[in-house]
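All values below come from the heavy atoms of this structure, side chains included, with hydrogens, waters and symmetry mates left out. Given the structure is predicted, the values throughout are model-derived calculations rather than measurements. Every number for a ligand or one of its atoms is a count from 1 in the order of the listing.
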Amino acid sequence: MAHDTTTAPLAFSFEANPSPRSTEEVAEILANPGFGNHFTDHMVQIDWTVENGWADARVIPYGPLILDPASSVLHYGQEIFEGLKVYRHADGSIWTFRPDQNAERLQRSAARLALPQLAVADFVESVRQIVKADERWVPSAPDTSLYLRPFTIANETFLGVRSAHKASYLVIASPAGAYFTGGIKPISIWLSTEYSRAGRGGTGAAKCGGNYAASLLPQEEAYRNGCAQVMFLDGETGTRIDELGGMNVFFVRNDKTVVTPELTGSILEGITRASIIQLLQDRGYTVEERAIGIDEWRAGEADGTITEVFACGTAAVITPIGQLKSHDFTIGSENSEPGEVTMSIREELTDIQYGRREDRHGWMVRVDG
Ligand code: PLP
Ligand code: COI
């Protein structure tokens, strides 16, 4: 049945996995989930056609997709995704963080990639549905969560280069521990001087697979140089800081000012970023969203005006950055301690997410029951 997104949300059917993981297996996985290694028993799928719109919303057993080899996503990379976490609170209830923001960003990504837009209510309902099906996969140990990966692929069987007339939205779920192994200690990042992640008018602000494909080679370079992440500069001048491969970045100054690169269309509009800006402003910090050059970071580090640098994102939460390495110079040091502002904002944000502190902005949405 076709679905009119202006009216009622989609109704989901449910097909139980006939061979779900055993209780013991789930317990073993949840004891040491890592990141992105294990997947739950079910997934969500909703199909779209240009003729009928979104239809056939369903929760089905997790498993391989059948894709025609001529599916457009396999050739032209017409794909977008999201990442959000589901948290278990001390009383056992299950919550997520600002899902409407992920839903709206998925819509913006869809618009840029010429893919169909799913209604916000249907996105949020898909989150509820996967949680309902796989509740037992939401871990309860400190700093663990169930990471959800909603994504949309173009799956029309057609090799012509135009936006596809068929697509599917799916949600898979993966229990998650820390993204970076080794606890909360400052990471080293690598400055990519040869490769850009985004160009003017490109897809930098969209969360599309192609952006990440382009980041993998520089990310390898980062690993080779002992760094956990790659930092990208703007594609036009190669002087301004954009973001990391999978995170936004903040600079804390010694004058109660915090600087983060402005949203110019080349960086991802991080939901963690927006939330941190709010929490900092609540504390009386001035947050400047503006261009910040690599030279400003170097000078600020040298004269002490920049006191802390941190990265943020759903997967990484808030991670202190100890040093930036490049072919020509290094900023900061490998052995620095996590900064005070970094750690206290991290604590405040995670306290809200895990229900340990008042949610004064109404960011948390209960998704069980
Ligand atoms: N920048 C990039 C390139 C990312 O992949 C992510 C992760 O989603 C972020 C920033 C942070 O976004 P968010 O805080 O919404 O997870
Ligand atoms: C996230 O933080 O959700 C991301 O998508 C970053 C990375 C895992 C791709």
Handout entry: Face-on cation placement of K256 at Y285 ring, 6.0 Å and 45° thresholds
Key = yes

Practice task
State whether the shortest distance between N or O atoms of T272 and N or O atoms of ligand 1 falls below 3.5 angstrom.
Solution key: yes

Handout entry: R197 heavy atom under 4.0 Å from ligand 1
Key = yes

Handout entry: Nearest protein heavy atom with distance in Å, relative to atom 16 (O) of ligand 1
Key = T314 OG1, 2.6 Å

Handout entry: E82 to ligand 1, any heavy atom closer than 4.0 Å
Key = no

Practice task
Report the part of K85 (side chain from C-beta onward, or backbone N, CA, C, O) that has a heavy atom under 4.0 Å from ligand 2; answer both or neither where that applies.
Solution key: neither

Practice task
For atom 7 (C) of ligand 2, grab the closest protein heavy atom and report residue, atom and distance to one decimal in Å.
Solution key: Y179 OH, 4.3 Å

Handout entry: Backbone or side-chain N or O of A315 under 3.5 Å from ligand 2 N or O
Key = yes

Completion exercise
For L268, the atoms of ligand 1 under 4.0 Å from one of its heavy atoms are 1 (N), 2 (C), 4 (C), 6 (C), 8 (O), 9 (C), 10 (C), 12 (O)

Fill in the blank from the handout: Per-atom filter on ligand 1: closer than 4.0 angstrom to a heavy atom of G245 are 3 (C)

Problem - Proximal atoms of ligand 2 relative to T314 (non-hydrogen, under 4.0 Å) - result: 2 (O), 3 (O)

Exercise for the section: Pull out every atom of ligand 2 sitting under 4.0 Å from any heavy atom of R149, numbered as shown with elements. Expected result: 5 (O)

Handout entry: D91 and S93 side chains, donor-acceptor separation under 3.5 Å
Key = yes

Exercise for the section: Look only at interatomic distance and state if Y212 has a nitrogen or oxygen under 3.5 Å from any nitrogen or oxygen of ligand 2. Expected result: no

Fill in the blank from the handout: Given the options R98, K207, R105, E82 meets salt bridge (Lys or Arg N to Asp or Glu O under 4.0 Å) only with R105

Problem - Euclidean distance, D134 CG relative to S174 OG, rounded to 0.5 Å - result: 11.5 Å

Exercise for the section: Using a strict 4.0 Å cut-off to heavy atoms of G246, name the atoms of ligand 2 that fall inside it. Expected result: 6 (C)

Handout entry: No-hydrogen, no-angle side-chain donor-acceptor test under 3.5 Å, W137 and D41
Key = yes

Handout entry: E243-ligand 1 polar pair, N/O distance under 3.5 Å
Key = yes

Handout entry: Closest protein heavy atom to atom 3 (O) of ligand 2, given as residue, atom name and distance to 0.1 Å
Key = Y147 OH, 2.7 Å

Handout entry: S168 side chain to D47 side chain, donor-acceptor N/O pair below 3.5 angstrom
Key = yes

Exercise for the section: Return the residue, atom name and 0.1 Å-rounded distance of the protein heavy atom closest to atom 12 (O) of ligand 1. Expected result: G270 CA, 3.4 Å

Problem - S188 versus W190, side-chain donor and acceptor atoms under 3.5 Å - result: no

Exercise for the section: Mark the output for M247 as yes if a heavy-atom distance to ligand 2 is under 4.0 Å, and as no if none is. Expected result: no

Fill in the blank from the handout: If you scan protein heavy atoms around atom 5 (O) of ligand 1, the nearest is Y212 OH, 2.5 Å

Problem - Whether W363 and F97 hold their rings parallel, tilted or perpendicular, with breakpoints at 30° and 60° - result: perpendicular

Problem - Test item, K207 contacting ligand 2 (heavy atom, 4.0 angstrom) - result: yes

Practice task
Quick one: look up the protein heavy atom nearest atom 6 (C) of ligand 1 and list residue, atom name and how far away it is.
Solution key: G246 O, 3.2 Å

Exercise for the section: Please say whether G83 places an N or O atom under 3.5 Å from an N or O atom belonging to ligand 1. Expected result: no

Completion exercise
So the atoms of ligand 2 within less than 4.0 Å of a heavy atom of G83 turn out to be 3 (O)

Handout entry: Donor-acceptor side-chain pairing of D242 and S266 below 3.5 angstrom
Key = yes

Practice task
For G313, take its heavy atoms, then give the atoms of ligand 1 lying under 4.0 Å from any of them.
Solution key: 11 (C), 14 (O), 16 (O)

Problem - Lys/Arg cation over aromatic F14: R58, 6.0 Å, 45° cone - result: no

Exercise for the section: Report yes if some N/O of K207 lies less than 3.5 Å from some N/O of ligand 1; otherwise report no. Expected result: yes

Handout entry: Those atoms of ligand 1 less than 4.0 Å from some heavy atom in R105
Key = 12 (O), 13 (P), 15 (O)

Exercise for the section: Using distance alone, with no hydrogens and no angle criterion, decide if T203 and N211 have a side-chain donor and acceptor under 3.5 Å apart. Expected result: yes

Practice task
Verify whether one side chain among E221 and N225 offers a donor that lies under 3.5 Å from an acceptor in the other.
Solution key: no

Problem - Distance in Å, C227 SG paired with L324 CG, rounded so as to fall on 0.5 Å steps - result: 7.5 Å

Problem - Approximate separation, where rounding is to 0.5 Å, of K325 NZ and E334 CD - result: 6.0 Å

Exercise for the section: Indicate whether any N or O donor in one side chain lies under 3.5 Å from an N or O acceptor in the other, for Y62 and T40. Expected result: no

